[in-house]
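Below is one structure, written out as structure tokens; comments come after it.
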Amino acid sequence: MRILLVKTSSLGDVIHALPAVTEAVKINPGVRFDWLVEEAFAEIPSWHPSVEQVIPVALRRWRQKPVQALRSSEWRAWRKVVRNRNYDLVLDAQGLIKSAFLARLVGKPVAGYDSGSIREPIACITYKRKVRVDRQQHAVERMRQLFAEVLGYRLQPASPDYGVVLDADRVHRRGDYLVWLHGSTWASKLWPEESWVRLSRLAVDAGYEVLVPWGNQQERDRAERIATHVEGVSVLPSTTLTELATVLGGAAGVVGVDGGPAHLAAAVGTPLITLYGPTDAELTGSWGPQCSNLQAEYHCSPCLKKSCSEVSFSEPQPCFSTLTADSVFTLLREKVNSSCTTDKLQSVDEGG
């Protein structure tokens, strides 16, 4: 059975679909997946050995100039690729109007969430098969249930296996560096800059090097300010997603805020602490055996708002005052030490 999986964005959402692919193929080896994904995230499905073809789509770019896009050879080439593949089913795991539109264009039966399970209910009008999945659970679990219902198998209790395959030499040999994932698309998700500085001092004093990646100019400026305050902090150059995944995979540990890069760290199995203020760790927390999610203990957390009504834009989020750098570093050291012990035990078991 050949399936076209439509999960186009965002970074975290694409990563959340990986365990469902792993599980589906493990239970039914006859299932084969292609993956339709936004061009900015096309590297991610390519890391999974059960994804045969990654089909990038530039919907974000095309929507800026729709007439030009429709007339372009790029659009026609995309239509030709998806039409020429002999799919048995299209699985829309996004559940948005844009993803339903793309799924419909493939010209094959489409399955996805029902109207009560998605943010844009109109998206499922053209689905042939509709599945009800409780929205009040983690995104990874929702995805697993969708796949199981559509493909007809029973879910098994297990830790998520993202199936990511990268450079094994770097991914499985932990380094003596830590990584701070400080950026997010929501200003309300940002941990105070002074907290990152304090955390960096604690890490460097403990003998670690600290690496700070960035994804845009604003994040780069913040990373450089952190590095200016603490000797031993290095700002990474611009990286691809694959390069970032490799850096994260080799780290002793990672601290991040709620965002795609933190989910990437979870996918490569690095000891990870993710900080949650306005968002809900129960629904979108980093997912995996090496992950710890710290939810702010504040009267309105999680508020699920992109901006805080209690402070001005330039002030720190008050909810994050309950997540101190000292407490975060204490937990991080515990996780790193525990991971090192586990790695050593596994090495002995394997004859290393």
Side-chain angles (χ1 to χ4, degrees), residues 10-13 15-16 119 134-142 178-203 210 212-216 218-219 221-223 225-226 229-230 233 253-266 270-336 338:
S10 58
L11 175 56
D13 290 341
I15 292 169
H16 286 154
R119 191 167 75 245
D134 185 4
R135 297 182 67 178
Q136 296 304 309
Q137 59 182 328
H138 195 277
V140 171
E141 288 300 314
R142 279 174 47 81
L178 304 172
V179 180
W180 303 158
L181 300 174
H182 57 99
S184 177
T185 55
W186 290 18
S188 61
K189 293 181 184 181
L190 300 178
W191 203 37
E193 200 167 305
E194 56 267 28
S195 296
W196 288 114
V197 171
R198 171 63 180 166
L199 185 66
S200 299
R201 289 199 177 104
L202 292 170
V210 175
V212 188
W214 50 274
N216 55 45
Q218 185 179 36
E219 292 179 8
D221 291 343
R222 186 188 308 117
R225 287 194 298 270
I226 295 169
H229 282 91
V230 184
V233 176
V254 176
V255 177
V257 295
D258 180 16
H263 297 300
L264 181 54
T270 302
L272 168 68
I273 296 174
T274 313
L275 311 177
Y276 289 81
T279 48
D280 192 344
E282 292 295 322
L283 300 181
T284 59
S286 300
W287 193 260
Q290 294 276 48
C291 300
S292 291
N293 299 313
L294 297 183
Q295 184 78 55
E297 296 181 3
Y298 200 69
H299 69 90
C300 56
S301 177
C303 65
L304 306 181
K305 295 180 179 179
K306 293 184 178 182
S307 59
C308 181
S309 59
E310 295 194 6
V311 297
S312 68
F313 179 79
S314 60
E315 293 177 302
Q317 298 291 118
C319 55
F320 277 131
S321 65
T322 67
L323 301 178
T324 67
D326 292 74
S327 62
V328 170
F329 188 68
T330 297
L331 179 57
L332 179 63
R333 292 199 73 172
E334 291 174 358
K335 291 193 69 65
V336 170
S338 175

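For this chain, numbers begin at 1 and follow the sequence in order.
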Would you mind reporting whether [Y] and [X] have side-chain heavy atoms less than 4.5 Å apart?
X: Pro261; Y: Leu11; value: yes
X: Val257; Y: Trp196; value: yes
X: Val230; Y: Val210; value: no

Test item: [X] side-chain N/O and [Y] main-chain N/O as donor-acceptor pair under 3.5 Å:
X: Lys305; Y: Pro278; answer: no
X: Thr330; Y: Asp326; answer: yes
X: Ser184; Y: Leu190; answer: no
X: His138; Y: Gly285; answer: yes
X: Thr322; Y: Tyr298; answer: no
X: Trp186; Y: Thr279; answer: no
X: Tyr276; Y: Pro302; answer: no

Enter the distance from [X]:[atom1] to [Y]:[atom2] here, rounded to the nearest 0.5 Å.
X: Thr274; Y: Trp287; atom1: OG1; atom2: CH2; answer: 13.0 Å
X: Ser286; Y: His16; atom1: OG; atom2: NE2; answer: 7.0 Å
X: Leu199; Y: Thr324; atom1: CG; atom2: OG1; answer: 10.0 Å
X: Arg333; Y: Leu202; atom1: CZ; atom2: CG; answer: 9.5 Å
X: His263; Y: Thr284; atom1: NE2; atom2: OG1; answer: 5.5 Å
X: Trp191; Y: Asp258; atom1: CH2; atom2: CG; answer: 15.0 Å

Tell me the closest heavy-atom pair linking [X] and [Y], and the distance in Å.
X: Cys319; Y: Ser301; result: CB-CB, 4.4 Å
X: Leu294; Y: Leu323; result: O-CD1, 3.7 Å
X: Ser200; Y: Val233; result: CB-CG2, 3.7 Å
X: Gly256; Y: Leu272; result: N-CD1, 4.5 Å
X: Ala223; Y: His182; result: CB-NE2, 3.9 Å
X: Arg225; Y: Glu193; result: NE-OE2, 2.7 Å

Run Arg119 and Arg135 through side-chain contact (heavy atoms from CB on, under 4.5 Å) and show every step you take. CA-CA 9 Å; Arg119 191 167 75 245; Arg135 297 182 67 178; 4.0 Å; yes
Not counting sequence neighbours, which residues clear salt bridge (Lys or Arg N to Asp or Glu O under 4.0 Å) with Glu219? List them please.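 Checked Glu219 against salt bridge (Lys or Arg N to Asp or Glu O under 4.0 Å); zero matches.
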Among residues at least two apart in sequence or on other chains, which ones pass salt bridge (Lys or Arg N to Asp or Glu O under 4.0 Å) with Asp221?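 Asp221 satisfies salt bridge (Lys or Arg N to Asp or Glu O under 4.0 Å) with no other residue.
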Audit row: Thr270, Gln290, side-chain contact (heavy atoms from CB on, under 4.5 Å) steps and yes/no: CA-CA 6 Å; Thr270 302; Gln290 294 276 48; over 6 Å; no
Between the side chains of Glu310 and His299, is a donor N or O closer than 3.5 angstrom to an acceptor N or O?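 Checked: Glu310/His299 side chains pair up, N/O donor to acceptor below 3.5 Å.
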Report the residues that fulfil side chain to side chain donor-acceptor pair (under 3.5 Å) with Thr185, sequence neighbours left out, ordered by chain and then residue number.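 With neighbours one apart ignored, the set is empty.
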